Protein chains: 2
Amino acid sequence: MTTDVHVRDLRYFVAVAEELHFTRAAEKLYVSQPALSKQIRALERQLDAELFRRDRQGVALTAAGAALLPYAQRVLAVWAEGAAALAEVGAAERSTLVVGMSTSPGRGGLLPAIRSRFTAARPEANVRLRQVSWDDPTAGLADGAADVAFVWLPLPDAERYGWTVVAEEPRLVALLDTHPLAARAEVDFADLVDEPFLALPPDAGPLRDHWLALDERGGQLPRIGAEIASTEETYEALVAGLGICLVATGNAHLITLGGVITRPVHGISPSRYALAWRREDGVRPLVRAYAEACRLVAPMRSADSP
Amino acid sequence: MTTDVHVRDLRYFVAVAEELHFTRAAEKLYVSQPALSKQIRALERQLDAELFRRDRQGVALTAAGAALLPYAQRVLAVWAEGAAALAEVGAAERSTLVVGMSTSPGRGGLLPAIRSRFTAARPEANVRLRQVSWDDPTAGLADGAADVAFVWLPLPDAERYGWTVVAEEPRLVALLDTHPLAARAEVDFADLVDEPFLALPPDAGPLRDHWLALDERGGQLPRIGAEIASTEETYEALVAGLGICLVATGNAHLITLGGVITRPVHGISPSRYALAWRREDGVRPLVRAYAEACRLVAPMRSADSP
DNA sequence: CTACGCTGATAACCAATGGCTATGACGACG
DNA sequence: CGTCGTCATAGCCATTGGTTATCAGCGTAG
């Protein structure tokens with residue numbers, strides 16, 4: 001036998017104990033009097049104890065009922081506290097937007113501009129930025145670590161996400177200043193196809209392919225010089241001569257440090273940088289507001305999904 | 001919407017939170033894993049909060065779950081305390097027998113004898129004696145104030161009670177020593193029919209009739225000199241000359257104080273004194289044991305009801 | 001003294017709940 | 001690559017918790 005009760009039954013019990021009157025208690029509880037009677041009897045049966053004595057002159061607590069009453073009240077109080085705490089957490093979570101990103105979006109104050117527009121529209125909201133490792137091309141959307149994220153298109157499982165493009169940038173090639181091609185002001189992708197490339201982790205899926213420019217190779221597989229999972233690794237790998245890599249114009253400054261230069265590349269498509277969200281979150285007010293702020297700040301042609 | 005939960009669901013929640021593993025928690029709780037899953041989801045839906053995050057690497061508490069956990073544990077603890085308190089009261093009540101009586105049964109140590117037999121058979125039991133006013137002929141059985149009671153037969157609502165006779169005693173007449181009949185050693189009831197009688201309260205029903213010897217009056221109503229509700233009142237009414245009254249042999253000594261005497265009466269039936277109980281209590285171990293002790297101590301022919 | 005009103009209890013019914021078994025989806029791992 | 005182990009889902013059924021309608025006891029007002 002279980003000794004568990006429904007908290008509702010304790011509410012009923014306390015109400016009757018306080019009113020000492022079933023009909024009045026039932027009104028206060030917004031249930032019918034028979035329902036209350038039945039529940040109290042069921043409680044008495046379950047606890048194997050007579051809680052009330054009903055006789056001519058109304059209703060009275062028995063010894064068992066009197067013993068139980070303070071505990072029932074404490075249970076109700078504790079549970080009310082717990083529910084309040086839960087509501088508080090819920091409110092805080094609902095008012096916090098987590099923005100995922102791999103490297104900082106940079107791009108001339110993009111993030112502060114979005115942020116100020118967003119907080120103007122939603123002053124009560126909090127924004128948390130979250131750095132996500134490069135092996136997650138969704139920058140935290142997939143596992144729920146982020147509510148919205150700055151990502152490179154295309155996304156894997158594209159049908160699960162909505163997005164709005166914030167920048168479209170030509171891809172450059174990054175290489176050592178001692179590389180034979182470094183002498184040219186611009187290079188053609190055809191000159192790069194046999195070079196060893198630095199690649200994202202295999203987990204990155206279509207994104208890895210994109211930065212290897214797989215589409216532009218006509219089915220011929222690239223040589224992989226190394227795998228990289230951060231800006232620093234990329235720079236070190238370049239300097240070590242493990243390979244070359246493509247990089248978005250807006251990110252070029254991150255690696256053009258000592259010995260590394262970038263050059264425009266002909267023959268490959270530009271990259272699209274976007275703010276993305278899980279499709280089912282498209283209705284959340286904070287998500288909508290953040291996406292709207294992005295559109296206003298970076299008014300590209302919107303490739304949103306409906 | 002109600003925010004009430006079933007305590008069971010909190011048990012489930014706490015178990016999963018502690019195990020961080022549905023299947024193991026389900027085993028510990030002796031329910032199937034789907035049932036547990038369903039209940040947790042229902043709880044989450046009811047509270048409108050995600051309590052657990054289920055992903056690849058198992059189950060983890062969310063912020064909401066972590067916030068709720070301590071309250072859930074406190075609710076369980078408080079309720080466990082309450083249930084324990086209730087059980088304690090229940091045990092105490094179950095081991096206590098309340099014996100109702102109007103005046104003390106007296107009769108040469110009847111009560112101590114019964115008590116010692118009873119406690120020999122049920123050492124764990126407590127006996128509480130309870131004095132009940134004369135206007136309740138069931139001496140507390142009717143309103144639950146007593147579990148068993150020493151009463152005079154016949155009882156009102158006789159079908160509701162079982163009993164065992166402990167004494168059968170001739171009725172005496174009590175009167176002042178200055179009364180004309182006081183000179184006789186014995187009197188005939190016919191000599192008393194026109195005397196004013198002291199009577200029990202009307203509430204006493206058949207018992208009042210019995211002590212007025214209504215059956216022996218052939219339909220002629222008695223004169224009522226006064227109504228009495230205690231030994232002291234009876235004595236005072238006798239001394240005041242308000243009337244005479246019948247009294248059981250075993251009770252004679254209670255009122256034969258200064259100026260009051262008793263005389264045997266011919267022509268009326270004796271009285272039967274019994275231990276009675278509510279019929280539905282006939283199965284309770286303590287009630288059975290007490291009745292058995294009565295039978296052993298006062299081995300009258302038993303008029304028990306089955 | 002009867003008729004009424006108010007008490008809590010009961011009956012009959014119905015939707016929702018809570019449990020079960022069987023099965024599915026999916027990642028981990030040999 | 002198949003199998004195992006995880007949690008989720010589906011379909012089923014008994015129990016629960018609510019409803020309205022009605023009853024039985026009892027005090028009280030005509």
Side-chain angles (χ1 to χ4, degrees), chain A residues 1-13 15-47 50-62 65 135-136 142-144 156-157 160 202-203 205, chain B residues 1-13 15-17 19-47 50-62 65 142-144 156-157 160 202-203 205 280:
Chain A
M1 98 157 193
T2 104
T3 174
D4 290 334
V5 280
H6 203 302
V7 169
R8 179 198 46 237
D9 292 347
L10 296 185
R11 262 196 316 121
Y12 288 3
F13 165 64
V16 175
E18 284 172 350
E19 293 286 331
L20 293 179
H21 195 289
F22 278 75
T23 307
R24 270 200 304 278
E27 281 171 15
K28 255 174 107 173
L29 295 167
Y30 301 105
V31 295
S32 67
Q33 170 267 318
L36 182 58
S37 268
K38 195 157 107 171
Q39 288 305 94
I40 294 291
R41 296 203 91 80
L43 183 62
E44 290 179 317
R45 190 159 32 79
Q46 180 190 353
L47 299 178
E50 206 183 17
L51 300 175
F52 297 103
R53 170 128 331 200
R54 298 90 155 154
D55 51 19
R56 8 245 159 269
Q57 320 300 30
V59 176
L61 273 174
T62 61
D135 55 11
D136 178 5
D143 62 2
D157 287 334
R160 296 182 51 201
D203 287 349
Chain B
M1 98 155 193
T2 100
T3 174
D4 290 335
V5 279
H6 202 302
V7 168
R8 179 199 45 236
D9 292 347
L10 295 184
R11 263 198 314 122
Y12 288 4
F13 165 64
V16 175
E19 293 287 330
L20 291 179
H21 195 289
F22 278 74
T23 307
R24 270 200 305 278
E27 280 171 15
K28 256 174 106 173
L29 295 167
Y30 301 106
V31 296
S32 68
Q33 169 268 318
L36 181 58
S37 269
K38 195 156 107 172
Q39 290 304 94
I40 295 290
R41 296 203 91 79
L43 183 62
E44 291 180 317
R45 190 158 33 78
Q46 179 190 352
L47 301 178
E50 205 183 17
L51 299 175
F52 297 103
R53 169 129 330 201
R54 298 92 157 153
D55 50 19
R56 7 249 159 264
Q57 319 300 30
V59 176
L61 272 174
T62 61
D143 62 3
D157 288 334
R160 296 182 50 201
D203 287 349
E280 70 266 24

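Only this structure's heavy atoms are used, side chains among them; waters, hydrogens and symmetry mates stay out. Note on naming: letters A, B, ... go to the chains in the order of the sequence lines (proteins, then strands), and numbering restarts at 1 for each one. For clarity, every value in this text was computed on a predicted model and none was experimentally measured.
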- Message: Would B:F52 and B:V16 count as a side chain to side chain contact (heavy atoms under 4.5 Å, CB included) here? Give the steps.
- Response: CA-CA 9 Å; B:F52 297 103; B:V16 175; 3.4 Å; yes
- Considering only heavy atoms from C-beta outward, does the side chain of B:I40 approach that of B:R54 to under 4.5 Å? yes
- Message: Nearest to the B:R8 side chain among C:dG19, D:dC7, C:dG8, which nucleotide is it?
- Response: C:dG19
- Let me know which of B:D9, B:T3, B:D4 forms a side chain to side chain contact (heavy atoms under 4.5 Å, CB included) with A:V7. B:D4
- Message: Once you apply a heavy-atom cut-off of 4.0 Å, does B:S32 come out as touching a base, just sugar-phosphate, or nothing?
- Response: base
- Query: Using a distance-only test with no angle check, is there a side-chain donor-acceptor pair under 3.5 angstrom linking A:S37 and A:Q33?
  - Reply: yes
- Where the side chain of B:R41 is concerned, which of D:dG17, D:dA8, D:dA21 is the nearest nucleotide? D:dA8
- Rounded to whole angstroms, how far apart are CD on A:Q33 and P on D:dC23? 15 Å
- Query: With sugar-phosphate meaning primed atoms plus P, OP1 and OP2, does B:Y12 contact a base, only sugar-phosphate, or nothing at under 4.0 Å between heavy atoms?
  - Reply: sugar-phosphate
- In whole angstroms, the gap separating P of C:dT17 from CG of B:D4 amounts to 14 Å
- Of the candidates C:dA22, C:dG8, C:dC20, the side chain of B:P34 sits closest to C:dA22
- Rounded to the nearest angstrom, tell me the gap between atom CD1 in A:I40 and atom P in C:dT7. 17 Å
- Ranking D:dT19, D:dC7, D:dA10 by distance to the side chain of B:S37, first place goes to D:dC7
- Task: Could you tell me whether B:Q39 contacts a base, only the sugar-phosphate backbone, or nothing, with contacts defined as non-hydrogen atoms closer than 4.0 Å?
- Result: sugar-phosphate
- Item | 5' precedence on DNA chain D between B:L20 and B:K38 (nearest-nucleotide basis) | B:L20
- Atom-to-atom span, CD of A:E27 to P of C:dG8 - whole angstrom: 10 Å
- Looking for any heavy atom pair under 4.0 Å, which part of the strands does B:H21 touch: base, sugar-phosphate only, or nothing? sugar-phosphate
